[in-house]
Amino acid sequence: MTQQPREQWATRAGFLMAAIGSAIGLGNIWRFPAIAYENGGGAFLLPYLIALLTAGIPLLIMEYTIGRKYRMSPPVALRRMSRPAEVIGWWQVVISFVIATYYAVIIAWAIRYVGFSVGQQWGDDPEGFLFGDFLETAETPGVISSYVSGVLWPLIAVWVVVLAILTFGIRRGIERANKIFIPLLVVFFVALVIRALTLDGAASGLDALFSPNWSELTNGSVWVAAYGQIFFSLSIGFGIMVTYASYLGRRADLTGSAMVAGFANSSFEILAGIGVFATLGYLATAAGVPVGEVASAGIGLAFVAFPAVISEMPLGGLFGVLFFSSLVIAGLSSLISIVQVVVSAVQDRTGMRRVPAVLGVGGLVALISILLFPTDDGIFLLDASDHFINQYGIALAALVALVVIAWVLRKLPALQQNADATSAIRLGHWWRICLGVITPLVLGWMMVDSLRTEFDENYEGYSTGFLLTAGWSVAIGALVVAVILTLLPWKAGGEDSDLDLESSADKEER
């Protein structure tokens with residue numbers, strides 16, 4: 001089997017659109033506003049900016065450089081750095097596999113809510129409608145007893161769209177799709193924010209979000225929250241940016257691209273915060289309660305609080321269509337990048353052509369997603385899997401990768417040299433200090449803090465048995481599967497003979 005020529009982005013703008021589309025996801029809209037509000041309001045922007053400059057952008061540059069230098073997906077790129085490091089790459093691939101299975105179902109919910117917004121079908125009880133009428137949620141987690149057709153069909157549609165785009169490849173599929181998705185997302189969300197700012201009570205909402213509580217800056221948990229938000233919102237740590245950068249040309253500007261993507265992502269998060277809290281200010285004013293009583297995050301914000309606002313406001317249907325359409329677009333652009341990690345890894349390790357890889361591997365992800373999540377137990381599985389794969393998958397895998405690359409293999413100087421060779425902005429000692437010292441320490445503290453909370457009380461009050469099945473087993477299983485995939489005697493796709501050799505880029509540097 002001969003190795004296929006590697007695809008490339010048609011333009012730098014195409015790569016940036018795809019990278020920004022991957023970074024801007026559901027968490028930007030429904031996680032950042034609440035995190036900022038709970039951690040000092042306007043004062044939170046200071047640790048958030050420091051986290052962006054000392055962890056977010058440096059990590060983006062590192063992942064871009066690894067992808068561009070070795071021109072392979074995470075398992076092969078890391079194996080070229082050191083054979084044992086391949087397991088870290090597969091760990092990231094399995095994490096992406098798991099996330100894709102449940103991420104798609106949230107997009108399916110948003111699709112249905114675009115329609116629900118027109119007639120405001122949730123009535124006077126958005127929460128009861130979401131968990132009862134729409135999701136048909138089981139009374140207790142752990143047992144699947146029925147399928148929910150109202151979720152099943154839009155979920156199938158999501159997977160058809162995603163796999164269709166991926167079959168067209170990097171230029172004709174992912175790049176073209178993001179050139180449509182990102183401008184459309186910006187137009188929809190700017191229109192939504194403008195409408196939110198005209199609502200009665202918008203000012204009180206913005207005041208609640210941005211009024212600085214400077215005393216919070218002495219609280220270590222606020223700084224951990226800032227680094228955590230940057231880390232989870234930039235699509236770093238689970239192979240996406242390594243994969244996307246592997247399709248760049250040899251002369252691509254890596255440092256500039258990372259800065260554009262990082263600041264674009266953060267700008268959208270702040271825009272989302274303005275839109276969300278202006279809307280919550282309206283809801284609080286209408287209910288005669290403080291903004292803090294209606295502030296929420298995640299599913300509760302998107303599918304409970306916002307429908308309540310839509311029911312109260314003039315032209316609420318249009319507002320709802322804009323909001324949930326934005327969720328759909330942001331979700332699709334991120335889901336495409338997540339599945340591409342899995343597809344690219346299998347292609348690189350086997351030499352399989354794109355269409356069979358997308359239909360085979362992508363089809364398997366879709367099948368598991370369709371079997372597990374449009375069920376009465378789906379939301380419980382989603383909640384537990386998401387929590388544990390984020391805390392003990394993405395963050396832990398990134399910590400291990402950093403320690404191995406920076407401390408064990410000592411590859412940061414070589415990576416810096418590679419990035420500097422083609423970048424307009426040259427990296428200094430600050431880059432190696434950030435990746436070699438600051439980011440590992442922060443990630444390590446995040447692990448300790450998270451584990452302490454985990455052992456103090458069960459997540460969301462779920463039973464220990466359910467958490468072992470749907471949470472811990474998912475996080476630990478991802479690493480176990482990664483080890484198995486590393487040990488498999490892969491049938492080479494024309495690449496295996498070179499896997500243990502240094503790449504041509506390494507040789508050129510010497």
Notebook entry, point to check: Nearest heavy-atom pair of L209 and I274: which atoms, and what distance?
Noted result: CD2-N, 4.2 Å
Note to self: For the CZ atom on F168, are there more than 12 heavy atoms of other groups (residues, nucleotides or ligands in this structure) within a distance under 6.0 Å?
What the structure shows: no
Item checked: Side-chain touch Q340/I170, heavy atoms, less than 4.5 angstrom -> yes
Name the atoms and distances for all side-chain donor-acceptor pairs under 3.5 Å in residues 392-401, with sequence neighbours left out.
unit_1 : atom_1 : unit_2 : atom_2 : d
Y392   : OH     : S450   : O      : 3.3
Y392   : OH     : S450   : OG     : 2.7
Y392   : OH     : E454   : OE1    : 2.5

Next item on the list: With sequence neighbours excluded, tell me which residues meet salt bridge (Lys or Arg N to Asp or Glu O under 4.0 Å) with R354.
Entry: E7
Check: How far apart are the closest heavy atoms of I61 and A419, and which atoms are they?
Finding: CG2-CB, 4.4 Å
Notebook entry, point to check: Just by distance, do the side chain of S96 and the backbone of V342 share a donor-acceptor pair under 3.5 Å?
Noted result: no
Check: So how far is it from L45 CG to E269 CD, rounded to the nearest 0.5 Å?
Finding: 10.5 Å
Notebook entry, point to check: Do we get R6 above Y247's six-membered ring, with its NZ or CZ under 6.0 Å from the centre and within 45° of the axis?
Noted result: yes
Note to self: Please list all pairs meeting ring pair (Phe, Tyr, Trp, His ring centres under 6.0 Å) that have one or both residues in residues 415-448, counting only residues at least two apart or in different chains.
What the structure shows: none
Notebook entry, point to check: What distance do Q416 atom CD and L435 atom CG have between them, rounded to the nearest 0.5 Å?
Noted result: 9.5 Å
Note to self: I'd like to know if the side chain of Y227 pairs up with that of T54 as donor and acceptor (distance under 3.5 Å, no hydrogens or angles considered).
What the structure shows: yes
Item checked: Pair D348-S73, side-chain donor/acceptor within less than 3.5 Å -> yes
Checklist line | Close side-chain approach of F277 to F210, heavy-atom, < 4.5 Å | finding: no
Next item on the list: Measure the shortest side-chain to side-chain distance between E460 and F380 over non-hydrogen atoms and say whether it is less than 4.5 angstrom.
Entry: no
Check: Would R68 and E63 pass as an ion pair if we require N to O under 4.0 Å?
Finding: no
Identify each donor-acceptor pair in which a side-chain atom of residues 11-26 lies under 3.5 Å from a protein atom, sequence neighbours left out, and give them as a table.
unit_1 : atom_1 : unit_2 : atom_2 : d
T11    : OG1    : G14    : N      : 2.9
T11    : OG1    : E175   : OE2    : 3.2
R12    : NE     : S257   : OG     : 3.2
R12    : NH2    : S257   : OG     : 3.4
S22    : OG     : S235   : OG     : 3.1
S22    : OG     : S337   : OG     : 2.8

Item checked: Qualifying residues under side-chain contact (heavy atoms from CB on, under 4.5 Å), relative to T218, sequence neighbours excluded -> none
Item checked: Note, V87 side chain near L78 side chain (heavy atom, < 4.5 Å) -> no
Check: Has the side chain of S385 got a donor or acceptor atom that lies under 3.5 Å from a matching backbone atom of L382?
Finding: no
Check: Any side-chain heavy atom of F189 sitting closer than 4.5 Å to one from I29?
Finding: yes
Margin query: Give me each pair satisfying salt bridge (charged side-chain N to carboxylate O under 4.0 Å, His left out) with a member in residues 423-450, each pair once, sequence neighbours excluded.
Written below: D449-R452
Note to self: For a 4.5 angstrom cut-off between non-hydrogen side-chain atoms, does Y70 reach S246?
What the structure shows: no
